[in-house]
Amino acid sequence: MAFVIKGGTVVNADISERADVLVDGETIVAVGADLEVPAGAEVIDAAGAYVMPGGIDPHTHMEFQFMGTVSADDFEWGTKAALSGGTTMIVDFCIPGPGQSMVEAYKDWRAKSEKAAADYSYHLAVTHWDEGVFDDMAAIVNEHGVNTFKHFMAYKGALMVEDDVLFHSFKRCADLGAMAMVHAENGEVVAQLQEDYMGRGMSGPEFHAYSRPPEVEGEAANRAIMIADMAGCQLYIVHVSCKEAHEAISRARAAGKRVYGEPLIQHLTLDETDYHNVDWDYAARRVMSPPFRPKKHQESLWTGLQAGSLQVVATDHCSFTSEQKRMGLDDFRKIPNGTGGLEDRMPVLWSKGVNTGILTPNEFVAVTSTNSARILNCYPRKGVIRKGADADIVIWDPEATKTISASSQVSRIDYNVFEGVELKGLPAKVFSRGRLAAENGRVLAERGWGTFVARKPFPAPARALATFKALTAPRPIAREHGTVVP
Ligand code: URP
Ligand code: ZN
Ligand code: ZN
Ligand code: ZN
């Protein structure tokens, strides 16, 4: 089935132009002014609207088993929520359970995501180090279409890995043409601060935030950057929430290191005062790691998006219900960490970023879609409106308005951290591989429509500074003692 989107402004990351878009089947087959309508093709009017690549959320957790419970949105409802807000692809974190191998976890995730309504890809988590992990990483990259490996520097006693694991794994990533990712927080310091507060009877959700100050994130970001550099590995830092971590990334990039940073829509727009709310539930629903920060950090994050020192906006969508949050009523350490936001990411970023004049529509497309496709290596299949790309398309109505409310959301949780936020600019129509998947927030896509997006290893030069460093690699000095004569 073919259709032409007529009369809109096509907005890509690099350029906006008045153009029509011809779709045949699942693919964009032409983009240009005044395209002829093929016989039998439907015409979709986009006058006054922007025609943009479908959003990519590079960081989600569907039916996530974590902190003794499982998050509410599974692949079906998570991707439906995504589509309702203009996001046509998610990249989910595949995290092996205790004793489970990476390849087993990957197969588990493939099974769980068969019900997805939108396209998806994965990052694989490295939770320990041994020969099995070493071998599995090669299988994951070469046979299973995943080129990114996640490392948790926090969650001591659960997912956290030490520096030796980071160094082993980062070197392996470099060898395989993969990219390392980190959750950057110093888990040892967090654990001590948590114990200290709890020991003094300070058990409320605000102490979740106080036990994870920006310094623990800045330290871990700097450490991961240096370890990645020594390993010759490119690095992606997830959920960058504060000035300290952003500055570490910015410095690294200025020094020529391939380091990327991902702020979340939550950290860009919500702040630490949410934890001061006298309603325990209100505060606990906003418990995530890293926590919401004092407002001054937001300026640093927005500036990073403008300057390009931060490249993508994600959600870390992790949907724990109010009831699940209450597991931590007497101890903030037991409040499941995570917040939702998948369906609100693009509309909130548009209202708070584009309508305010901080970002151009092109920059909006870059940080919600194109940059993720490029950085994660699925461009130009995803992330762009052009001939040959998947027909993941959003027709964006800049005049449409809505007030966010949990009562009308697609996500299965009972609250919304953006409750009451007024939006101007919404997706009117969302196409997933050529099919109308959502219209004015209403989801039409079916369970199971989504497909796995395999991502190839990165080309050799993208493996950070390995080539550059090889040119100046240490050489042994020929001498009588302590000598290696080449
Ligand atoms: O609080 C969070 N972010 N929960 C999800 C797990 C993670 O750290 O990404
Ligand atoms: Zn070792
Ligand atoms: Zn994390
Ligand atoms: Zn996460």
Side-chain angles (χ1 to χ4, degrees), residues 1-56 76 79-80 82-90 114-121 346 361-362 364-365 368-370 372-374 378-400 426-455:
M1 204 203 65
F3 62 90
V4 187
I5 301 171
K6 276 218 163 272
T9 301
V10 171
V11 183
N12 276 310
D14 57 346
I15 192 172
S16 302
E17 54 187 336
R18 287 298 295 270
D20 302 338
V21 180
L22 173 60
V23 173
D24 192 7
E26 300 192 0
T27 312
I28 296 171
V29 293
V31 180
D34 303 316
L35 289 183
E36 222 168 278
V37 181
E42 190 189 342
V43 174
I44 291 166
D45 179 25
Y50 295 116
V51 181
M52 310 189 298
I56 300 172
E76 178 183 356
T79 51
K80 284 183 172 175
L83 288 166
S84 77
T87 293
T88 52
M89 175 176 164
I90 61 167
E114 269 175 17
K115 52 186 176 289
D119 288 357
Y120 50 90
S121 194
M346 294 177 72
N362 305 96
F364 173 84
V365 167
T368 56
S369 178
T370 313
S372 280
R374 286 211 172 110
C378 57
Y379 184 90
R381 176 177 166 196
K382 301 292 190 189
V384 63
I385 301 285
R386 85 171 191 202
K387 186 181 167 183
D390 280 359
D392 292 349
I393 301 170
V394 179
I395 299 180
W396 192 270
D397 177 356
E399 301 301 327
L426 291 165
K429 287 188 166 68
V430 181
F431 297 90
S432 162
R433 297 194 334 276
R435 277 220 212 161
L436 186 59
E439 191 164 21
N440 299 321
R442 199 165 60 88
V443 180
L444 307 167
E446 289 152 28
R447 171 189 170 100
W449 168 251
T451 58
F452 177 70
V453 178
R455 297 179 292 112

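Along the sequence shown, the residues carry numbers beginning at 1. Side chains are part of it too, since the values below use all heavy atoms of this structure and drop only hydrogens, waters and symmetry mates.
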Q: Report yes or no: does D392 contribute a side-chain atom to a donor-acceptor pair with the main-chain N or O of S432 at less than 3.5 Å?
A: no
Q: Could you pull out the closest heavy-atom pair between K387 and V31, with the gap in Å?
A: N-CG2, 4.2 Å
(Q) Using only atom types and a distance under 3.5 Å, with no angle test, would you say the side chain of T370 pairs donor to acceptor with the backbone of G383? (A) yes
Q) What's the shortest heavy-atom distance between A391 and V23, and which atoms? A) CB-CG1, 3.6 Å
Q. If you draw a 6.0 Å radius around OH in Y50, do more than 12 non-hydrogen atoms from other residues or ligands fall strictly inside?
A. no
Q. Would you say the side chain of L436 lies within less than 4.5 Å of the side chain of I44, judging by non-hydrogen atoms?
A. no
**Q.** Smallest separation among heavy atoms of P398 and W396, with atom names
**A.** CD-O, 3.2 Å
Q. What pair of heavy atoms forms the shortest contact from I56 to A373, and how long is it?
A. CD1-CB, 3.8 Å
Q: Return the set of residues passing side chain to side chain donor-acceptor pair (under 3.5 Å) with S16 (not counting sequence neighbours), or none when no residue passes.
A: N362
Q | Salt bridge R381-D390, side-chain N to carboxylate O under 4.0 Å | A | yes
Q. Does P380 reach the side chain of R386, with side-chain heavy atoms less than 4.5 Å apart?
A. yes
Q.
Quick check: do L83 and W449 have side-chain heavy atoms less than 4.5 Å from each other?
A. no
Q | Residues, nucleotides or ligands: over 12 heavy atoms within 6.0 Å of E36 CD | A | no
Q.
Has S369 got a side-chain atom pairing as donor or acceptor with V365's backbone, closer than 3.5 angstrom?
A. no
Q | Side chain D20, main chain L35, donor-acceptor under 3.5 Å | A | yes
Q: Using the side-chain contact (heavy atoms from CB on, under 4.5 Å) rule, take V37 and K6 through it: C-alpha gap first, then chi angles, then the decisive distance, then the call.
A: CA-CA 9 Å; V37 181; K6 276 218 163 272; 3.7 Å; yes
(Q) Quick check: do I5 and K429 have side-chain heavy atoms less than 4.5 Å from each other? (A) no
Q) How long is the span from the CD atom in E26 to the CE atom in M1, to the nearest 0.5 Å? A) 11.5 Å
Q | Minimum-distance pair of heavy atoms, taken over all atoms of G86 and M346 | A | O-SD, 3.3 Å
Q: Report yes if some heavy atom in the side chain of D119 is under 4.5 Å from a heavy atom in the side chain of T88; otherwise report no.
A: no
Q: With rounding to the nearest 0.5 Å, note down the distance linking CG in L22 to OG1 in T27.
A: 10.5 Å
Q) Side-chain contact, heavy-atom cut-off 4.5 Å: M89 with C378? A) yes
Q: For residues A428 and D397, report the shortest heavy-atom separation together with the two atoms involved.
A: CB-CB, 4.2 Å
Q: Measure the spacing between OG of S84 and CG of L444 and express it to the nearest 0.5 Å.
A: 11.0 Å
Q | D14 atom CG, neighbour heavy-atom count above 12 within 6.0 Å | A | yes
Q. When rounded to the nearest 0.5 angstrom, what distance separates CD1 in I15 from CD1 in I385?
A. 14.0 Å
